[in-house]
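What follows is one structure encoded as structure tokens, with my remarks underneath.
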Amino acid sequence: MKMKKFAFLLASFFAILIAFKPQDKPTIYLIGDSTVRNNDKAQWGWGSLLPTFFDSTKVTIKNHAMAGRSTRTFVKEQRWEKVVNSLQPGDYVLMQFGHNDGSKPDTSKAGYRGVLRGTGEETVNLTWKDGTVETVYTHGYYLRKFIKESKAKGAIPIVLSMIPRNQWANGKVKRVDKDFGLWAKTVAQEEDVTFIDLNAITADKYDALGPDKVKDFFAGDHTHTNKEGARINAQSIVEGIKASSEKRLKKFLIKS
């Protein structure tokens, strides 16, 4: 009986190892808002350009970002559920949110996608017209959810700060290092995952180029870039990957 029990435990152990064995060709899942994925011909999300930097024979990129979504509505609309149910061991999840998270959460149209500020455990309960009660959490809470549930599937989450807007003060691009960028960095550090400060990497480039040149990257507003701007942001992500400890992900990049 002892031998049978030992054999069963050994078989179970190897089954777990096999289940979490990285795939030969993993998938990089992208989640976020319109700055990651945009179907407008004049406005491009960086997720549409990111595949041009990767070897498609070694890795697949699937862009699940959706315009107008915040961390909260990405969960609420079950978009995250679709992604997490697809994850396999060795996959990657690149997350970039913040552009749509800033409104005060309430039952108005504007408040539908807002979250609580910060990374704490605070919550607020909203009662909708149909009597449904929704619990809204902090920006950091939703990022942690993405991170923890990715890890549970054997996937590797990477947190990105949001791309900078075409907004300037005293000759410098406005950054998000006091709010959404700081919160993304804090959560990534607390959860021991890679953080790519996309906001800072691209903002440094914008500062060097100056406002007259940078305005050419934005198609109609101060948030959404054209194809050239999206390429700059995709390149910034590649630079962040190269500077990180993600050795396996670096191997999937096209050498230049």
Side-chain angles (χ1 to χ4, degrees), residues 26-56 59-71 74 79-80 83 91-101 143 146 150 156-167 173-177 180-181 184-185 188 193-209 213-244 246 249-250 252-254 256:
T27 298
I28 300 173
Y29 288 87
L30 309 180
I31 62 174
D33 51 43
S34 58
T35 63
V36 184
R37 178 170 176 247
N38 201 322
N39 295 324
D40 189 296
K41 292 181 180 180
Q43 298 178 342
W44 288 67
W46 55 256
S48 297
L49 277 297
L50 193 65
T52 64
F53 294 93
F54 283 86
D55 187 340
S56 62
V59 69
T60 300
I61 297 180
K62 293 185 178 180
N63 195 343
H64 283 261
M66 183 58 63
R69 271 56 187 185
S70 63
T71 49
F74 203 80
R79 298 179 184 278
W80 171 241
V83 172
D91 285 342
Y92 289 83
V93 179
L94 271 62
M95 59 192 79
Q96 184 228 264
F97 288 94
H99 287 286
N100 299 313
D101 292 55
L143 292 180
F146 300 146
S150 295
I156 302 157
I158 297 177
V159 180
L160 285 67
S161 55
M162 63 196 228
I163 66 167
R165 296 183 173 97
N166 184 28
Q167 295 178 321
V173 174
K174 290 184 178 180
R175 308 193 180 211
V176 294
D177 55 345
F180 289 103
K185 181 179 181 179
V193 299
T194 295
F195 171 69
I196 295 176
D197 199 346
L198 175 59
N199 187 266
I201 297 172
T202 296
D204 285 345
K205 296 175 182 179
Y206 286 177
D207 286 348
L209 290 169
K213 175 59 179 175
V214 170
K215 70 180 181 181
D216 293 337
F217 302 146
F218 287 83
D221 60 31
H222 57 53
T223 300
H224 301 93
T225 65
N226 57 19
K227 187 175 182 179
E228 186 179 1
R231 188 177 298 280
I232 289 174
N233 285 306
Q235 178 64 53
S236 294
I237 294 166
V238 171
E239 292 169 15
I241 291 171
K242 289 180 176 179
S244 75
E246 292 294 342
L249 192 53
K250 292 177 190 177
F252 303 142
L253 292 168
I254 296 173
S256 56

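For clarity, every value in this text was computed on a predicted model and none was experimentally measured.
Between Ser244 and Ile241, the shortest heavy-atom contact is OG-O, 2.7 Å. Across Trp80 and Ser150, no two heavy atoms sit closer than the pair CH2-OG, 3.3 Å. Closest heavy-atom contact between Thr202 and Ser236: OG1-OG, 2.9 Å. Taking every heavy atom of both residues into account, Gly45 and Asn38 meet most closely at N-CB, 3.9 Å. Taking both residues in full, the closest heavy atoms of Asn233 and Leu198 are given as O-CD1, 3.5 Å, listed atom of the first, atom of the second, then distance. Contact between Ala188 and Thr194 at its shortest, heavy atoms only, is CB-O, 4.4 Å.
In this structure, the side chains of Trp46 and Leu30 come closer than 4.5 Å at one or more pairs of heavy atoms. Taking 4.5 Å as the limit, every side-chain heavy atom of Val83 sits out of range of all side-chain heavy atoms of Phe146. Counting heavy atoms from C-beta outward, Tyr29 and Leu94 have side chains that stay 4.5 Å or more apart. A 4.5 Å side-chain heavy-atom check between His99 and Thr223 finds at least one atom pair inside the cut-off. Considering only heavy atoms from C-beta on, Ile31 comes within 4.5 Å of Val93 through its side chain.
Between Asn166 atom CG and Phe218 atom CZ the span is 5.0 Å, to the nearest 0.5 Å. Once rounded to the nearest 0.5 Å, the distance linking OG of Ser161 with CZ of Phe180 reads 12.5 Å. Interatomic distance, CG of Leu49 versus CD1 of Ile232, reported as 10.5 Å (0.5 Å rounding). In this structure, OG1 on Thr60 lies 13.5 Å from OH on Tyr92, to the nearest 0.5 angstrom. Note that CG of Asp101 is 4.5 Å distant from OG of Ser70, once rounded to the nearest 0.5 Å. The line from NZ of Lys227 to CH2 of Trp44 is 4.0 Å long, rounded to the nearest 0.5 Å.
At distances below 3.5 Å, not a single donor-acceptor pair connects side-chain atoms of Arg231 with backbone N or O atoms of Gly229. With hydrogens and angles disregarded, a donor-acceptor distance shorter than 3.5 Å links the side chain of Gln43 to the backbone of Ala219. The main-chain N or O of Thr27 is found under 3.5 Å from a side-chain atom of Asp91 such that the two form a donor-acceptor pair. Checking side-chain atoms of Asn226 against main-chain N and O of Asp216 turns up a donor-acceptor pair under 3.5 Å.
The salt bridge (Lys or Arg N to Asp or Glu O under 4.0 Å) contacts involving residues 194-209 comprise Arg175-Asp204, Arg175-Asp207, Lys205-Glu239, where partners must be two or more places apart or lie in separate chains.
For Lys250, the NZ atom sits in a packed shell: over 12 heavy atoms of surrounding residues, nucleotides or ligands are nearer than 6.0 Å.
The side-chain contact (heavy atoms from CB on, under 4.5 Å) test with Ile28 singles out one residue from Ile156, Ile158, Ile61, and that residue is Ile61.
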Side chain to side chain contact (heavy atoms under 4.5 Å, CB included) for Arg165 and Val173? Distances and angles first, verdict last.
CA-CA 8 Å; Arg165 296 183 173 97; Val173 174; over 6 Å; no
Kindly determine whether Lys242 and Leu253 satisfy side chain to side chain contact (heavy atoms under 4.5 Å, CB included), including the steps that lead there.
CA-CA 9 Å; Lys242 289 180 176 179; Leu253 292 168; 3.9 Å; yes
For Phe252 and Asp55, run side chain to side chain contact (heavy atoms under 4.5 Å, CB included): C-alpha distance rounded to whole Å, both residues' side-chain angles, the deciding distance at 0.1 Å, then the answer.
CA-CA 6 Å; Phe252 303 142; Asp55 187 340; 5.7 Å; no
